[in-house]
Amino acid sequence: MKRARLSLPMFAALIFTLTSAPIVGAQDYPVRTVTIIVPFAVGGTINSVARVVAPKLGQRLGKPFVIENRPGDGTVSAATVLAKATPDGHTLMQATSSTLATNVTMYRKLPYDPANDIVSVALICSIPFALVVKSSLPVHSIADLIKLAKEQPLSYGSAGTGSFTHLTAQLFSTAVGIKMAHLPYTGSAPALNALVAGHTHLMFTDLGPSLPLIRLGKLRALGITTADRVATAPDIPPLGEVGVPGYDAAAWSMLIAPAKTPRPILTRLNAEVNAIVNTAEVKQQLVNLGINPIGRGSLDELQAFVKAEEIRWGKVVQEAGLAGSE
C-alpha cells in the first residue's frame with residue numbers, strides 16, 4: 001500500500017494556509033455576540049448592573065453583549081457553565097463574592113475550582129444590604145426582632161443557598177443569638193416578592209429593588225449592613241449602630257471569564273470595563289441602584305483581591321458554623 005505524499009508545492013500551500021489562518025487577538029475581539037451569564041433572576045441588582053455595563057461594552061467593542069439569566073444554586077450552576085465554556089472571551093459572567101469567595105468554604109465540594117477554572121476580569125462595584133421586614137410585622141427595631149424571634153418561629157428569604165443574602169442573615173442570627181428558618185429562592189427579586197406577599201418575615205436585600213418598597217411603606221428597614229450610611233438611603237442606620245456592634249459587610253460584583261481566556265483579551269476587557277464604570281453616566285446609574293461603583297484594579301490585583309476575600313469570608317463562614325454546610 002503506497003503512502004500518500006505531499007509535493008513541495010502542496011506542502012508550501014498547506015503551511016501558508018495554516019500560518020495565515022485568522023487568530024482572534026485583542027485587536028480583533030470580539031468577532032461575534034458575547035454572552036454575559038447572570039446567576040440571578042431578572043429584577044435583582046446584579047442583573048441590573050449587568051444591563052448597565054453590557055450595552056456600553058457593545059458600543060465600545062462593536063458587537064452585542066447579551067445577558068443570559070441562569071438563577072439558582074447560590075450562583076454555582078451558572079459558574080459551572082462559565083468554567084466549562086470555550087475560553088475565547090465570548091462567554092463571561094457577572095459574578096458575586098459568593099461565586100468566588102464564600103462558596104469555597106460554604107460548599108463541601110464545588111463542581112468548579114474558582115482558583116483554576118475562573119479568572120477575574122474587572123471589579124465593578126460593592127453592594128451594601130438592608131435588613132427589611134414586612135411592614136405588617138410588629139417589629140420596629142433590632143430589639144423588637146430579637147424578642148419576636150424568641151417568641152415565635154421566623155423565616156427569611158434569600159437569593160439562593162450560599163448567596164450573600166443568605167450569609168448575611170446567618171451571620172446576623174449568630175451575632176444576636178436567634179434562629180430563623182431559611183427559604184432560598186432563585187434570586188433576590190423572587191425572594192423580595194415572597195416577603196411582600198407575606199410568605200417570609202424578613203430578608204437581607206440589596207437596596208436597588210427594595211428601596212421603592214421601603215418608600216411606599218410595604219417594607220420596613222431596620223438597618224444597613226455597612227459601617228457607613230448609603231447615599232441613596234441616608235435615613236437607614238448601620239446595624240452596628242442599632243444593636244449589632246461591629247457588623248460591617250458588603251458584597252461585590254465582578255466580571256469573570258474561563259481561566260484559559262487569552263491574556264490580551266482579558267486585559268482589553270479589564271480596561272474597557274474600568275473605563276465604562278468611571279464615566280459620570282454609569283457611576284450615577286450604579287449609585288441610583290444603591291451600590292458603590294469601583295471600576296479599578298489590574299488583572300493581577302484582582303486575583304490577589306479575590307484570594308484575600310476568600311480567606312476573609314472563609315473565616316467568617318467557619319465562625320458562623322456554615323463551613324461545608326451545603
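Atom set for the values below is all heavy atoms of this structure, side chains included, hydrogens, waters and symmetry mates excluded. Residues: numbered from 1 along the sequence shown.
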Would you tabulate the side-chain donor-acceptor contacts of residues 50-58 under 3.5 Å, counting partners in other chains and residues two or more places apart, or write 'none'?
unit_1 : atom_1 : unit_2 : atom_2 : d
Arg51  : NE     : Asn47  : OD1    : 3.1
Arg51  : NH2    : Asn69  : OD1    : 3.1
Lys56  : NZ     : Glu281 : OE1    : 3.0
Lys56  : NZ     : Glu281 : OE2    : 3.1

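Taking the six-membered ring for Trp and the full ring otherwise, the centers of His201 and Tyr156 sit at least 6.0 Å from each other.
A side-chain donor-acceptor contact under 3.5 Å links Thr225 to the backbone of Ala249. Ser135 places a side-chain N or O within donor-acceptor distance of the main-chain N or O of Gly217, the cut-off being under 3.5 Å. Side chain of Asn278 to main chain of Arg296: no donor-acceptor pair is present (N/O by atom type, distance under 3.5 Å, no hydrogens or angles). Counting only distance, with no hydrogens or angles, the side chain of Ser253 and the backbone of Ala95 share a donor-acceptor pair below 3.5 Å. In this structure, Asn103 contributes its side chain and Gly74 its backbone to a donor-acceptor pair below 3.5 Å. A donor-acceptor contact shorter than 3.5 Å links the side chain of Thr174 to the backbone of Gln170. Between the Asn274 side chain and the Asn270 main chain, a donor and an acceptor come within less than 3.5 Å of each other.
The shortest distance between side-chain heavy atoms of Leu131 and Leu145 falls below 4.5 Å. Side-chain contact between Ile224 and Pro238 is present, with heavy atoms from C-beta onward closer than 4.5 Å. The closest side-chain heavy-atom distance from His166 to Pro184 is not below 4.5 Å. A 4.5 Å side-chain heavy-atom check between Met203 and Tyr185 finds every atom pair outside the cut-off. At least one side-chain heavy atom of Leu269 sits less than 4.5 Å from a side-chain heavy atom of Leu61. Contact check for Phe204 versus Leu239: side-chain heavy atoms found under the 4.5 Å cut-off.
Taking CD from Glu301 and OG from Ser120, the interatomic distance works out to 12.0 Å, rounded to the nearest 0.5 Å. The distance from atom NZ of Lys307 to atom CG of Leu100, rounded to the nearest 0.5 Å, is 12.0 Å. The line from CZ of Arg220 to CG of Leu202 is 12.0 Å long, rounded to the nearest 0.5 Å. Atom CD1 in Ile37 sits 10.5 Å away from atom CG in Leu255 (nearest 0.5 Å). Atom CZ of residue Arg70 and atom OG1 of residue Thr186 lie 14.0 Å apart, to the nearest 0.5 angstrom. The structure places CG of Leu216 at 10.0 Å from CG of Leu211, a figure rounded to the nearest 0.5 Å.
In this structure, Lys63 does not pair ionically with Asp28, as no charged nitrogen and carboxylate oxygen lie closer than 4.0 Å.
Ring pair Tyr29/His90 is perpendicular by interplanar angle, where above 60° counts as perpendicular and below 30° as parallel.
With a 6.0 Å radius and a threshold of 12 heavy atoms from other residues, nucleotides or ligands, Arg60 has its CZ atom above the threshold.
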What do the steps show when you test Val176 against Tyr247 for side-chain contact (heavy atoms from CB on, under 4.5 Å), and what is the final call? CA-CA 11 Å; Val176 299; Tyr247 199 105; over 6 Å; no
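Applying the side-chain hydrogen bond (donor to acceptor under 3.5 Å, both in side chains) rule to pairs touching residues 231-240 yields Arg215-Asp235, sequence neighbours excluded.
No chain of hydrophobic side-chain contacts below 4.5 Å, direct or via other Ile, Leu, Val, Met, Phe, Trp or Tyr residues, connects Ile142 to Ile236.
Residues Leu222 and Ser141 approach most closely at CD2-N, 3.8 Å, considering heavy atoms.
Partner Ile124 forms a side-chain contact (heavy atoms from CB on, under 4.5 Å) with one of Val282, Val273, Ile291, Ile294 and no other, that one being Val273.
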